[in-house]
Structure formats: C-alpha cells, structure tokens
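A short worksheet on the structure shown next.
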Amino acid sequence: MTDFFKGIEPIRYEGPDSDNEFAFRHYDPDQVVMGKRLEDHLRFAVAYWHSFAWQGGDPFGGQTFQRPWFGDTMALARLKADVAFDLFDILGVPFFCFHDADVRPEGASFAESLRNLEEITDYFAAKMEGRKTRLLWGTANLFTHRRFMAGAATNPDPDVFAWAAATVKACMDATHRLGGQNYVLWGGREGYETLLNTDLGRETDQFGRFLSKVVDYKHKIGFTGTILIEPKPQEPSKHQYDYDVATVYGTLKRFGLEDEVKVNIEQGHAILAGHSFEHEIALAAALGIFGSIDMNRNDYQSGWDTDQFPNNVPELALAYYEILRAGGFTTGGTNFDAKLRRQSLDPEDLVMAHAGAMDVCARGLKAAAAMLEDGGLERARADRYAGWDSPAARKMLAEEDFDAIAARVLAGGVDPEPRSGRQERLENLWNRFV
Ligand code: XLS
Ligand code: NI
Ligand code: NI
C-alpha cells in the first residue's frame with residue numbers, strides 16, 4: 001500500500017444507522033436481492049481518468065489537485081497504478097476502466113507510446129493477480145491530443161484514421177490481455193464543428209468502416225467481451241454522430257452491426273440529449289443493444305457534462321428498474337465516470353465520493369427490485385395492453401391489410417373507449433418504494 005490513503009481502512013457495510021463516514025450504509029455486497037448478490041447486480045467500476053488523471057481544470061482555471069503521481073514518467077505511471085489499486089481495495093470494487101492516455105505517458109513516437117502502454121498493461125496484470133478487481137472495459141483516448149481535433153475515424157485526413165486504428169488495436173490488445181469484459185468506443189470528436197467544412201455522408205461512412213474493422217479485429221484475436229458505443233449528443237463536438245441510443249441503433253443497422261455492438265449509456269449524456277436516463281436504457285433494452293452504464297449525473301441547470309457522482313435515489317430506482325426488467329447486466333456494469341468537484345482536494349474526498357455513490361446505487365437497485373417484486377407497475381402495464389392479447393387484434397397485426405381492417409370498422413364491430421393512463425397512481429406507486 002502507498003501512503004496516499006494512509007489511515008483509511010477498507011470500507012465495510014455497517015447498516016443504515018451507522019454514523020461512520022467511512023462505511024457503507026446501504027451497499028452490502030453480499031446481500032442477496034432477486035437471487036443475486038448486490039455486488040454481482042451492480043458490478044461497480046472506478047474510472048481511472050477522472051480519479052487519477054484529471055487535474056481539476058475547468059475552462060477558466062487550471063490544475064487544483066496536486067497528486068504525487070502527476071508527471072510524464074513511467075515511474076509516476078506505476079505510482080499512479082499503485083494508488084489506483086489502493087482505492088479499488090479500500091472500496092472493494094470488482095472493476096475498473098481506463099483509456100490508454102490515463103495510464104501511460106505519451107511517447108515521442110507511436111512505438112514509444114505503445115511500449116509504455118504494454119509495460120503498464122503488464123504492471124496491471126501483476127497487480128490484478130490475487131486481487132478481485134477485474135477490468136470492466138478498456139478504451140482509447142481519441143479526443144485529447146491535437147491530432148484528433150477534427151475527429152479520429154471521421155477525420156478528413158486518412159493518416160489520422162490510420163493512427164486511430166493503430167491506437168484502438170493497441171487498446172483492444174491491452175483490454176484482451178487483462179481479461180476485459182467490454183471494449184468501449186466514445187467518439188467525442190466523431191462529429192463536426194461546422195457543416196460548412198464537413199462532408200457528413202463521407203464521415204459517417206468512414207465511421208461505419210472503422211466500426212466494422214473493430215468488430216473484425218475482436219473476432220480475429222478471440223476477444224469475447226462486448227463492443228460498446230457510448231452515445232453523446234455533443235461536447236466536445238458541436239454535433240456528435242453517436243447522438244443518442246436511437247441514432248446509434250440506426251448506425252448499427254446501416255452497417256449491419258446490430259448483433260455485434262451494444263451501448264454504454266451515461267446518465268449525463270442522456271440528459272444532454274434531452275432524454276431521461278431510464279428512457280435511454282429502456283430503448284436500448286427494447287432494441288436488444290443494452291450493454292452497460294456510466295453512472296454520473298449532470299447538473300440540470302448548467303447544460304454541460306459535469307460528471308458528478310450520483311445522489312438521487314428515486315431517479316436511480318427508475319434506471320435500475322429498466323435494467324432489472326431487461327434481465328440485469330451481463331458483461332456490463334455501473335462505471336462511475338464521475339469526477340470530484342475541483343475544490344474536493346483531499347484523498348478522503350475520493351474515497352467518500354465513491355462510497356456514497358455506491359450506497360445511492362444500492363438504494364436505487366433495492367427499490368427497483370422491490371418495485372418489480374411488488375409487481376404493481378408490471379400488472380398495470382400488462383392491463384393497459386391487454387386488448388392486444390385477443391385473437392382478433394393479433395390477426396390484425398399479423399395479416400389484415402387496410403381494406404380488411406376498414407371493413408371491420410365499417411361493419412360496426414370496433415368502437416374504442418378511452419381509458420385512464422393512471423400516471424399519477426403509478427407515480428404514487430413508485431414513490432412508495434423510494
Ligand atoms: C465523456 C465520456 C468519456 C467516456 C470514455 O463524456 O463520458 O468519459 O466514458 O471515453
Ligand atoms: Ni462516459
Ligand atoms: Ni461523459
């Protein structure tokens with residue numbers, strides 16, 4: 001153990017009445033809910049970038065955090081890994097996630113960056129031995145360096161496409177080597193700043209070709225994890241091509257990849273796209289592409305991606321309700337793609353931000369499970385659509401053309417009677433569990 005978190009013991013479950021700041025009040029990893037341990041339901045992951053690489057800057061000011069591992073050497077990258085695994089141990093999280101740029105210094109050439117990544121990958125592999133922490137997903141940072149300012153796969157310059165492809169190959173190799181359960185593509189720069197200089201058709205074609213190559217490479221190396229796209233409507237691009245779940249599904253269908261690629265849905269991105277988190281999850285589940293979640297909220301007033309730790313149990317109850325209805329996570333999990341506020345300087349802040357977020361998620365999931373077990377919402381939903389169970393209704397959907405349907409309506413056998421949607425009653429029901 002390093003001395004960064006000195007004096008902080010591993011966080012344990014002490015129950016709702018505990019006043020120990022360094023304890024879980026709701027997250028008991030071994031508690032069985034709907035036949036599964038909470039740890040196996042929630043599958044928490046710590047995001048390396050916000051917790052260990054981000055320095056606290058905002059558009060008006062630079063670094064606020066002073067961490068002993070900040071700097072561009074391999075020795076500091078190893079120290080960063082040591083501290084990161086200390087945090088994983090303190091929290092008892094089963095997973096973490098990283099980008100290449102979070103974990104290794106950028107080299108003077110592609111080859112040097114690759115060597116650095118491979119060295120750190122070996123270092124991670126050694127640290128993971130004898131530990132429970134696994135890799136939820138790996139990904140490539142194709143947005144920070146200036147070479148990616150006009151996109152990666154969608155760049156007007158084929159050399160950038162090539163650089164991006166070689167980078168994703170390296171990150172998929174690292175993810176595969178570490179037994180990662182998913183590989184994520186978030187295309188922050190895959191979009192445009194102005195249509196005046198953009199060939200939209202060409203760029204989206206390029207994106208499809210790139211994605212097909214990702215899938216081909218996955219099969220070539222025998223990676224059995226899930227390829228995930230993380231939708232976001234904008235920021236940093238003015239318009240991002242992976243706008244939301246519906247848009248991503250359209251792209252996957254267009255390139256015949258809907259059985260190969262799923263989505264990683266981030267709460268803050270859903271809000272930026274004008275949706276609720278549960279909407280995005282429910283739609284992905286309905287389309288058969290639900291994969292994983294990034295569990296970080298936006299500020300509802302600010303209109304950008306503030307990446308805050310979750311703290312709203314009723315909202316999370318609805319999100320986990322949709323996840324449980326869809327059968328729960330398979331390879332996915334709950335990744336805290338969340339960062340401290342830039343004034344939260346202390347090592348304790350990093351621990352308590354995660355511990356509190358894990359408690360909030362546990363409360364949300366338990367409420368969701370209770371709502372499902374109660375069955376009231378599902379009964380009301382089934383009742384609302386019950387008319388479609390009749391043989392006549394099924395026949396209409398499957399076989400009848402407009403002439404046949406119109407003939408039945410004209411013959412007087414059809415006379416719809418409006419029924420209450422019962423929204424307030426259903427909201428009252430939800431409120432009973434949160
Ligand atoms: C940025 C994204 C990013 C992805 C990983 O808004 O959320 O952090 O999760 O590249
Ligand atoms: Ni994210
Ligand atoms: Ni985000």
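Index from 1, following the sequence. Whatever order the structure lists them in is the order used to number ligands and atoms, beginning at 1.
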* Does R67 make a cation-pi contact with F70 (under 6.0 Å, within 45 degrees of the axis)? -> no
Note: V184, heavy atoms under 4.0 Å from ligand 1, region reported as neither
Do E106 and R104 meet the salt-bridge criterion of a basic N to acidic O distance under 4.0 Å? yes
query = N/O of H99 under 3.5 Å from N/O of ligand 1, yes or no?
reply = yes
Are any of the N/O atoms on K232, whether in the backbone or the side chain, positioned under 3.5 angstrom from an N/O atom of ligand 1? yes
At under 4.0 Å between heavy atoms, what of D294 touches ligand 1? The answer is side chain
Heavy-atom proximity to atom 4 (C) of ligand 1 ranks first, among E230, H269, K339, for E230
Side-chain contact, heavy-atom cut-off 4.5 Å: Y321 with E278?
-> no
A student checking ligand 1 against D305 at a 4.0 Å heavy-atom cut-off should list atoms 6 (O)
Should F255 and L211 count as side-chain neighbours, where that means a heavy-atom distance under 4.5 Å?
no
Check: Does R325 pair with E378 as a salt bridge, N-O distance under 4.0 Å?
Finding: yes
Pair R254 + D205: basic N to acidic O under 4.0 Å = yes
N-O pairing of R379 and D383 below 4.0 Å:
no
| query | Considering distance alone, does some N or O of D337 sit under 3.5 Å from an N or O of ligand 1? | reply | yes
Distance filter < 2.8 Å from the Ni ion (ligand 3), protein N/O/S hits 3
Which word best sums up how the rings of F96 and F124 line up, parallel for under 30°, tilted for 30 to 60°, or perpendicular for over 60°? perpendicular
Within the 4.0 Å heavy-atom cut-off, what E266 brings close to ligand 1 is side chain
Report, as yes or no, whether the 6.0 Å neighbourhood of atom CG on D58 holds more than 12 heavy atoms from other residues, nucleotides or ligands.
yes
Please confirm whether the backbone N or O of T154 pairs with a side-chain atom of E190, one donor and one acceptor, at under 3.5 Å? yes
